[in-house]
There are 2 protein chains.
Amino acid sequence: MIEIRAANEADFEGIWRIFQRVVAVGDSYVFPPDATREDARGYWLSTYFKTFVAIMDGAVAGMYKLRPNNVGLGAHVSNASFMVDPGCQRHGIGKAMGYHCLEEARRDGYQAMQFNFVVSTNTPAVRLWQQLGFEIVGTLPKSFRHAALGLVDAYVMHRFLD
Amino acid sequence: MIEIRAANEADFEGIWRIFQRVVAVGDSYVFPPDATREDARGYWLSTYFKTFVAIMDGAVAGMYKLRPNNVGLGAHVSNASFMVDPGCQRHGIGKAMGYHCLEEARRDGYQAMQFNFVVSTNTPAVRLWQQLGFEIVGTLPKSFRHAALGLVDAYVMHRFLD
């Protein structure tokens, strides 16, 4: 059973634990392995965007944030970021958060959602977003320094909301 | 005669004047027409990136900034933004700043340069970047609310540095 709700300050230890586990692998996010608590806080908790957590077995198992991808004349397109605890894979947490995020974005009146940097070798993420209606609209060549694979492409993915 | 040099605080009034003129048109940058001095300062002058100004006839006629497009595992790709005073077009200021910026990025050790949001209808900019070796690597559909044309595409443009 997964519950998704707005994040609060008390969730930060759980968010920080997941952040550390995700960036330690170096296969999906640009943060270096030695990124700090303050990096994690700045990225995940702010008054400038909305953050949600997925709770499984009473603990934070994933989180996402939603915000405009640009100000002003680009603010009708949303942007979102997701992390799932590497120890909680294969429970549908990413997919549940994805659907929740699309609904939230529709409710907020956005016309589209864009992911600016999906690592091309992160096949589970690319497939999930394609399942959820996103298309690859850009390929950023050799833009991610994968810890194991070296320089690999990243994708820009997009879908309209309706 | 165009001189390009590092920006300093005394250049801000010139930068602000150009910023206002550019965003008033609503055809190239996402800032709304009522963007403030502080928006302009935050965007153009910061210790987090390098800013350069193009001086023509003793006044600021354009500016660009250069920074990593991402932190950590994406920091080998640079990002840059440019504005030219709409009253100083056709003097080659954009092209001169473009070459200067590419040299500066090479000197700083970047492996590539990426523009995240070039408005597709901004033909002079698209052509200039293509002349300077950039390719369109992504098309962001209906991502810019053009003041005259409504929703239009934006491009992601990229080139490797060598």
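A, B, ... follow the sequence lines: proteins, then strands. Residue 1 opens every chain. All values below were derived from every heavy atom in this structure, side-chain atoms included, with hydrogens, water molecules and symmetry-related copies excluded.
Proximity of B/Q114 to B/M157: side-chain heavy atoms (C-beta onward) are nowhere separated by under 4.5 Å. Side-chain contact check for B/S78 versus B/R67: every heavy-atom pair is 4.5 Å or farther apart.
Heavy atoms of B/V77 lying under 4.5 Å from chain A belong exclusively to its side chain. Contact of B/L151 with chain A is made through the side chain alone, with heavy-atom distances under 4.5 Å. Using a 4.5 Å cut-off between heavy atoms, B/Y155 does not touch chain A at all. When heavy atoms are compared at a cutoff of 4.5 Å, A/V156 approaches chain B solely by way of its side chain, counted from C-beta outward.
Listed options A/V137, A/N69, A/V30, A/N116 were ranked by heavy-atom pairs under 4.5 angstrom with chain B; first place goes to A/V30.
The closest side-chain donor-acceptor pair between A/Q111 and B/K142, if any, does not fall under 3.5 angstrom. Using modelled atom types and a 3.5 Å distance limit, the side chains of B/D27 and B/N122 yield no donor-acceptor pair.
If you run ring pair (Phe, Tyr, Trp, His ring centres under 6.0 Å) between B/Y43 and each of B/F49, B/Y64, B/F31, only B/F31 comes through.
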